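Counting begins at 1 with the first residue of the sequence. These figures come from a predicted structure and were not determined experimentally.
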Amino acid sequence: MLTLLTLTTLFGALTALTSATALTYKLVPNEKECFYSFVEKKDAKIAFYFAVQSGGSFDIDYSVIGPASTPGKERVIMEGEKERQGDFVFTATDVGEYRFCFDNSVSTFTDKVIDFEITVENESRASLPQKAGANPEQLGGVEETVTKLSGQISTLTRQQKYFRTRENRNFSTVRSTERRIFNFNLIEGGLMVAMAGLQVFVVKMFFTGGRKGYV
């Protein structure tokens with residue numbers, strides 16, 4: 001029977017070749033910012049996720065630039081305009097530095113808060129730990145179970161990110177609605193004061209004009 005230590009070692013062996021970066025960044029109007037990830041092995045899988053949490057219409061321009069195959073010429077892997085979020089997985093065909101850029105040129109006055117994650121995972125798996133008394137069938141079953149659990153954890157993580165994004169956007173909508181209601185109340189109050197002042201002025205002019213008629 002496999003012990004908990006063996007399962008832990010197995011899980012560590014399966015995930016040892018994975019590196020991830022998760023950040024939250026605030027992009028000011030007309031700003032373009034890039035983040036870098038270096039791929040040391042060819043045919044590595046790169047997962048790229050981003051979501052605009054707040055600001056304007058929750059949209060941003062993005063691009064993913066790979067290592068230049070020829071000097072002085074960039075290779076655009078993917079790009080998009082006015083996207084609210086994205087979840088992509090692609091294979092790194094070249095070793096080198098990959099650039100992930102966000103461009104807030106579409107906004108003139110509004111800041112954008114972006115959550116994003118860059119994960120680099122090699123396709124090849126580490127060798128499984130061996131233990132006396134454990135046959136290959138057992139190890140194969142454990143490997144399949146751990147892989148399935150890893151996939152389920154990844155799915156849960158992405159669902160949590162999705163719900164967080166929805167919560168932030170809904171909260172931003174509520175704050176925007178409250179601000180509009182407050183501004184509308186101020187305008188309505190100002191109009192009522194102006195109308196009251198106008199009525200007092202008209203009545204005053206009416207009586208003043210009436211007295212002048214008798215002089």
| request: Please answer: with hydrophobic residues joined when any side-chain heavy atoms are less than 4.5 Å apart, are Tyr25 and Ile60 in the same cluster? | output: yes

| query | Could you walk me through whether Phe116 and Phe35 pass the ring-ring contact (aromatic ring centres under 6.0 Å, His included) check? | reply | CA-CA 10 Å; Phe116 68 94; Phe35 302 87; 4.6 Å; yes

| said: Closer than 4.0 angstrom, basic N to acidic O: yes or no for Asp61 and Lys32? | reply: no

| hydrophobic_cluster_shared for Tyr49 and Leu27, side chain cutoff 4.5 Å | no

| note | The reported gap from CZ in Phe201 to OG1 in Thr208 (rounded to nearest 0.5 angstrom) is 9.0 Å

| note | Value for CZ (Phe88) from CD1 (Ile118), rounded to nearest 0.5 Å, stands at 12.5 Å

| remark: Here the pair of heavy atoms bringing Asp111 nearest to Lys26 is OD2-CE, 3.1 Å

| field | side-chain contact (heavy atoms from CB on, under 4.5 Å) assessment of Glu40 paired with Phe38 | value | CA-CA 6 Å; Glu40 300 179 352; Phe38 191 84; 3.7 Å; yes

| said: In this structure, would Tyr62 and Val106 fall into the same cluster of hydrophobic residues linked by side-chain contacts under 4.5 Å? | reply: no

| task | Measure the acute angle between the ring planes of Phe50 and Phe102, then classify it against the limits of 30° and 60° as parallel, tilted or perpendicular. | result | perpendicular

| In chain order, what residues pass the salt bridge (Lys or Arg N to Asp or Glu O under 4.0 Å) check against Arg84, with sequence neighbours excluded? | none

| said: Just verifying a value: how many Å separate Glu178 CD and Asn183 CG, rounded to the nearest 0.5 Å? | reply: 12.0 Å

| Counting only heavy atoms not in Glu81, do more than 12 sit closer than 6.0 Å to its CD atom? | no

| request: Determine the minimum heavy-atom distance between Val120 and Ala44, stating which atoms define it. | output: CG1-CB, 4.2 Å

| Main-chain N/O of Val28 paired to Glu31 side chain as donor or acceptor, under 3.5 Å | yes

| Sub-4.5 Å side-chain heavy-atom contact between Ile46 and Thr119 | no

| side-chain hydrogen bond (donor to acceptor under 3.5 Å, both in side chains) between Asp59 and Ser57: does it pass, once the steps are laid out? | CA-CA 5 Å; Asp59 56 352; Ser57 300; 4.9 Å; no

| field | pair Glu83-Phe58: side-chain heavy atoms closer than 4.5 Å | value | no

| query | Would a hydrophobic clustering, with Ile, Leu, Val, Met, Phe, Trp and Tyr connected at side-chain separations under 4.5 Å, put Leu23 with Tyr36? | reply | no

| note | So CG of Asn104 and CG of Asn30: to nearest 0.5 Å the spacing works out to 7.0 Å

| query | At what distance, to the nearest 0.5 angstrom, does CD1 of Ile65 lie from CE of Met78? | reply | 10.5 Å

| Separation of Lys112 NZ from Ser107 OG (nearest 0.5 Å) | 4.5 Å

| message | Using the rule that Ile, Leu, Val, Met, Phe, Trp and Tyr join whenever any side-chain heavy atoms are under 4.5 Å apart, tell me whether Val52 and Val113 fall into a single cluster. | response | no

| message | On a heavy-atom basis, which atom in Arg75 and which in Asp94 lie closest, and how many Å separate them? | response | NH2-OD2, 3.3 Å

| Parallel, tilted or perpendicular: which describes the rings of Phe48 and Phe100, with under 30° parallel and over 60° perpendicular? | tilted

| field | Derivation and outcome, side-chain hydrogen bond (donor to acceptor under 3.5 Å, both in side chains), residues Thr91 and Asp43 | value | CA-CA 6 Å; Thr91 301; Asp43 294 330; over 6 Å; no

